[in-house]
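Data block below; observations after.
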Number of protein chains: 2
Amino acid sequence: MAGVSIASASRVLNGHGASVETERRVREAAASVGYVPNAVARSLQAQRTDMLALAVEDIGNPVYVAMMRAIEEVAAGAGYRLQVHATGADVAGEVELLDGLARRYVDGLVISPIRITDAHLAALARVPTPVVVVGSLPDDMPTTKPIDNVRADSHTGVGLAIDHLVAGGRRRIGFVNGPLDTVPGAARQAGYLDALDAAGLPFDPELVEPADFHYAAGRAATRRLLDRAEPDAILCANDLIAVGALHALLAAGKRVGEEVALVGMDDTDLAEMSFPQLSSVSLGSAERGRLAAELLLARLAEPGRPAQRVTVAPTLVVRASSDTAAKQENP
Amino acid sequence: MAGVSIASASRVLNGHGASVETERRVREAAASVGYVPNAVARSLQAQRTDMLALAVEDIGNPVYVAMMRAIEEVAAGAGYRLQVHATGADVAGEVELLDGLARRYVDGLVISPIRITDAHLAALARVPTPVVVVGSLPDDMPTTKPIDNVRADSHTGVGLAIDHLVAGGRRRIGFVNGPLDTVPGAARQAGYLDALDAAGLPFDPELVEPADFHYAAGRAATRRLLDRAEPDAILCANDLIAVGALHALLAAGKRVGEEVALVGMDDTDLAEMSFPQLSSVSLGSAERGRLAAELLLARLAEPGRPAQRVTVAPTLVVRASSDTAAKQENP
DNA sequence: GTGTGAGCCGGAAACGTTTACAGCGCACTG
DNA sequence: CAGTGCGCTGTAAACGTTTCCGGCTCACAC
């Protein structure tokens with residue numbers, strides 16, 4: 001240290017007012033010795049870490065990648081760093097993570113659990129740090145602790161897809177869903193049933209086949225579906241499943257987009273990159289990430305604000321895999 | 001606090017030996033008041049944060065996603081958390097990040113810069129924290145500061161692809177590369193030239209077309225290539241470009257795998273999911289991530305160890321887009 | 001000449017831990 | 001019974017900052 005108190009040094013380094021002479025001496029000393037302030041000590045004193053966390057099942061899933069990218073962008077823009085956790089959809093692990101927030105190593109968390117259990121709700125109720133949940137929280141959340149919530153609207157999204165297919169003349173619409181005990185799986189199943197009903201189509205259990213939310217499972221499930229039924233369209237609960245379905249259909253010699261229309265969900269990069277290009281219902285993953293991050297920052301800025309619940313509207317992106325108009329023009 | 005000194009409390013909570021009576025009282029008090037140790041204070045005292053960082057150009061790029069996933073896995077397994085940074089390939093930003101490590105908010109960094117400049121090397125030389133670089137560091141690194149380095153072998157990888165294509169009877173092998181001023185772009189260009197040479201094929205500048213490492217650029221570049229030449233095979237510098245090329249080829253009415261063979265690089269999930277499935281040279285992105293994380297942990301454990309340089313061997317994964325045997329069997 | 005306020009400064013406390021050190025009691029040994 | 005050593009405990013320092021508070025100097029106004 002060269003000639004001045006610690007307090008003064010701190011003041012000039014944070015621009016809190018010092019005489020020009022003091023400022024010069026501190027800056028010179030700092031530069032000569034290569035001083036860099038210690039972030040951990042600063043965090044301890046400031047009671048904030050300038051870090052956010054994201055917890056999702058699989059940080060390699062395109063949906064979560066899109067979400068993560070959006071979150072990282074708004075976090076970095078606001079001077080926060082982002083920490084990622086792959087939970088593997090393990091409930092105990094997710095609860096442990098939530099309880100771990102009490103250690104205060106991050107300022108806030110965005111979590112997108114694929115299942116939301118009572119254990120999750122209990123952990124959320126006692127969490128000392130802002131958390132925003134991406135995915136549907138029950139309506140009767142205890143209002144004591146405000147938990148912000150951003151949702152996709154799978155139900156409406158499935159409706160968009162079914163309406164589009166029906167408008168294209170499709171009547172036997174298959175559905176390859178993810179596990180029914182997951183939040184998105186359950187919502188999409190309900191959406192499928194309701195949309196069929198609204199369109200006046202009968203529900204045929206032969207036409208629905210469960211899978212996991214992955215490529216291989218989607219491919220296998222579609223193969224099973226084709227073995228026992230003749231759908232003229234297939235809706236898939238996500239794009240990975242849809243690409244699997246695409247392969248199964250092509251392998252079975254089906255002309256996709258003509259004989260069988262195909263629609264995925266999430267509108268990931270995959271949809272544009274597959275061939276034929278895949279129609280897909282965008283549930284706004286990037287948008288949800290962006291909103292989640294913004295809600296988190298807003299709560300950090302104003303802890304007392306009322307809990308927000310925002311849901312992003314789905315949109316249908318029509319491409320060749322279900323583009324009936326193109327089919328009619330170019331048979 | 002219930003009846004015992006802070007030191008004793010710390011000791012029982014860390015299992016450092018205390019009488020059963022003290023232990024009972026501390027645990028009871030902790031449970032009753034819901035005590036959770038503060039990670040920041042612990043970090044300040046321990047001089048470690050139990051956190052690693054990963055910095056890549058774009059955390060959405062499938063190559064980096066695979067890398068990140070592997071790193072997160074080994075980090076989490078060793079009790080470390082992972083922080084991610086999207087650098088946008090901005091040199092100033094990357095240097096700033098490196099210099100920021102002096103703030104000690106992470107214990108170590110894995111960085112994969114797409115270009116490695118003198119500014120990078122200078123920053124690496126003064127960095128106070130372990131860093132492992134994924135990508136090729138120059139051979140004459142100053143040995144004072146040991147920087148671990150894991151590399152792909154693009155040069156050999158390109159050779160594998162060319163040899164495979166030549167073995168399949170291809171003679172006019174196009175090449176859609178990424179920017180030549182990037183580390184991978186330069187290496188792949190050199191590999192292409194050397195492999196042609198080794199195979200006794202002439203170099204025809206008409207057959208090579210630069211692009212960016214992305215889908216749309218790959219598609220556009222391939223279109224340009226097809227407009228002026230008639231390749232019987234195309235090698236692409238990564239899978240995103242290759243999928244773009246695939247679309248351009250299909251749109252031009254080419255039978256991919258027969259008329260024109262197509263090979264990508266990186267062997268991302270995309271390769272398996274495109275149709276026809278894409279042959280691709282695996283450069284081991286997940287493996288490189290895993291190794292990088294392990295090197296980092298090893299250096300954290302033993303800071304003085306000599307700098308390691310490991311390179312992972314490429315492998316060629318042949319699929320339908322270049323499977324000449326299949327073509328000959330099923331003309 | 002005295003009082004007042006502004007500007008700057010240093011001392012010290014605080015953030016929440018871990019750990020070196022010394023002291024204490026006790027059992028065991030010779 | 002004295003000596004030795006062990007197991008446990010509390011005190012206090014340390015990690016590296018920021019900030020509160022009181023004191024000093026100085027200019028200015030009355």
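Keep in mind that the numbers below use all heavy atoms, side chains included, and drop hydrogens, waters and symmetry copies. Convention: sequence-line order gives letters A, B, ...; per-chain numbering from 1.
- If you check the side chains of Arg48(B) and Tyr80(B), you find a donor sitting under 3.5 Å from an acceptor.
- Taking side-chain N and O atoms only, Ser8(A) has a distance below 4.0 Å to OP1 or OP2 of dG10(C).
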Apply side chain to side chain contact (heavy atoms under 4.5 Å, CB included) to the pair Leu300(A) and Leu52(A), showing each step before the final yes or no.
-> CA-CA 11 Å; Leu300(A) 253 14; Leu52(A) 305 181; 3.9 Å; yes

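- Separating the NE2 atom in His120(A) from the CD1 atom in Ile111(A) is a distance of 5.5 Å, to the nearest 0.5 Å.
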Please report the C-alpha distance between Leu109(B) and Leu98(B) in whole Å, then the side-chain angles of each, then the deciding distance to 0.1 Å, and finally whether the side chain to side chain contact (heavy atoms under 4.5 Å, CB included) criterion is met.
-> CA-CA 9 Å; Leu109(B) 171 73; Leu98(B) 286 170; 3.6 Å; yes

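- Going from atom CZ of Arg24(B) over to atom P of dC8(D) covers 16 Å, rounded to whole Å.
- Comparing Leu13(A) and Glu21(B) against DNA chain D, the residue whose closest nucleotide sits nearer the 5' end is Glu21(B).
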With salt bridge (Lys or Arg N to Asp or Glu O under 4.0 Å) as the test, would you mind laying out the steps for Glu287(B) and Arg290(B) before giving the verdict?
-> CA-CA 5 Å; Glu287(B) 177 73 0; Arg290(B) 192 181 60 75; 2.8 Å; yes

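- Here dA20(C) presents its C1' atom at 10 Å from CZ of Arg11(B), a figure rounded to the nearest Å.
- When heavy atoms are screened at a 4.0 angstrom cut-off, Ala18(A) is found touching the sugar-phosphate backbone but no base atom.
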Show me the protein contacts with nucleotides 14-17 of chain C, counting only N or O atoms at under 3.5 Å.
unit_1	atom_1	unit_2	atom_2	d
dT17(C)	OP1	Tyr35(B)	OH	3.1
dT17(C)	OP1	Val36(B)	O	3.4
dT17(C)	OP1	Asn38(B)	N	2.7
dT17(C)	OP2	Tyr35(B)	OH	3.2
dT17(C)	O5'	Tyr35(B)	OH	3.1
dT17(C)	O5'	Asn38(B)	N	3.4

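- Considering only side-chain N and O atoms, Ser19(A) lies nowhere under 4.0 angstrom from the phosphate OP1 or OP2 of dC8(C).
- Residue His16(A) has no polar side-chain atom (N or O) positioned under 4.0 Å from OP1 or OP2 of dT18(D).
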Show your reasoning for whether side chain to side chain contact (heavy atoms under 4.5 Å, CB included) applies to Val110(A) and Ile71(A).
-> CA-CA 9 Å; Val110(A) 175; Ile71(A) 294 174; 4.0 Å; yes

